[in-house]
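Order of the sequence lines sets the chain letters (A, B, ...), proteins ahead of strands, with each chain counted from 1.
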Amino acid sequence: MRQREHRALPRSFYARPALAVAPELLGRLLVRDGPRGRVAGRIVEVEAYEGERDPASHAYRGPTPRNEVMFGEPGHLYVYFTYGMHYCLNVVCDVAERASAVLVRALDPELGIETMRRRRGGIAETSRLARGPGCVAQALGLDRRHNGLDLTKGPVWIARAAPERGGRRIVRGPRIGIRVAVDRRWRFLLAGHPAVSGPKPR
DNA sequence: GGTAAGATCCGCT
DNA sequence: GCGGATCTTACCT
């Protein structure tokens, strides 16, 4: 990896509404340096959650021990456990009171692919290694221990280098797996990308 | 102290 | 398309 890709996005990038940050994350490299070396993937699918004014957000009913990271400084990682089995990764955005965040739903694996494959139980297809939010956390080897981590300092960060989207368009659709605010089309993805999970809006 | 639902995934039908 | 796995969280009494 070239030197400029090592640099993390600055906090100012995150200090805006999640709805503005979300599409700009597409095509950027999410990197983790861990015990099994460096792994990284291009972000190809995200969802915006607009905090206390968004009924689908964990922050909707105010601060709790679980969601307190969302009410903190932007540019931190919010990791939560769900369905008794899975972890999901979010990037905290906007000013602290707003408690908004972007859920990372899918990556196109780029570095450390064999490490991701091991963590994912040996799945052959690379495009399935980090397809879906639970799979993203598993492929990167992240869990509750990484909750609250500062993305401007590492060992997990998003590279500052310009997004690479392979000429694919950004499209949007309704968020997945929620039962309220389904009319808000706050899911963003790279059109036709094989690593995108769920339904594929055009 | 009890309970219901959950920003999911995978395998089976 | 459906259901099981598995357990935390939040909200209720």
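Taking all atoms of both residues into account, the shortest heavy-atom contact from A:R120 to A:C135 is NH2-SG, 3.3 Å. Listed here is the closest heavy atom pair of A:G27 and A:L190: N-CD1, 4.4 Å. Between A:H146 and A:G141, the shortest heavy-atom distance links the atoms NE2-O, 3.7 Å. A:R117 and A:L129 get closest at one heavy-atom pair: CA-CD2, 3.9 Å. Residue A:P23 comes nearest to A:R165 through the heavy atom pair O-NH2, 3.5 Å, listed as atom of the first residue, atom of the second, then distance.
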Revision key, fill the gap. Output field dot_bracket for DNA chain B (Watson-Crick or G-U, both distances under 3.5 Å, | for other-strand pairs) contains ||||||.|||||.

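Atom OH of A:Y78 sits about 15.5 Å away from atom NE2 of A:H76, to the nearest 0.5 Å.
In this structure, A:R187 reaches neither bases nor backbone, as no heavy-atom distance under 4.0 Å exists between it and the strands shown. The residue A:L103 sits close to a base: some heavy atom pair falls under 4.0 Å.
Between A:M70 and A:S57, the closest side-chain pair of non-hydrogen atoms falls below 4.5 Å.
With the nearest nucleotide of DNA chain B identified for both A:A56 and A:I123, A:A56 has the one nearer the 5' end. Sequence order on DNA chain B of the closest nucleotides to A:R179 and A:G134 puts A:R179 first from the 5' end.
In this structure, the ring of A:H58 has its center less than 6.0 angstrom from the ring center of A:Y80.
Between A:E47 and A:R175, none of the side-chain N atoms (NZ, or NE/NH1/NH2) sits under 4.0 Å from a carboxylate O, so this pair counts as no salt bridge.
Exactly one residue among A:R187, A:H193, A:R131 makes a side-chain hydrogen bond (donor to acceptor under 3.5 Å, both in side chains) with A:E45. That residue is A:R187.
Inspection of the A:R11 and A:T152 side chains reveals an N or O donor paired with an N or O acceptor under 3.5 Å.
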Check your understanding: Tell me, for nucleotides 6-11 of chain C in 5' to 3' order, what letter each nucleotide earns: B for a base near a protein heavy atom under 4.0 Å, S for only sugar-phosphate near one, - for neither?
Key -> BBSSSS

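C:dT6 and B:dG2: their P atoms are spaced 22 Å apart (whole Å).
Taking 4.0 Å as the cutoff to heavy atoms of chain A, we find the contact window on DNA chain B bounded by B:dG6 to B:dC10.
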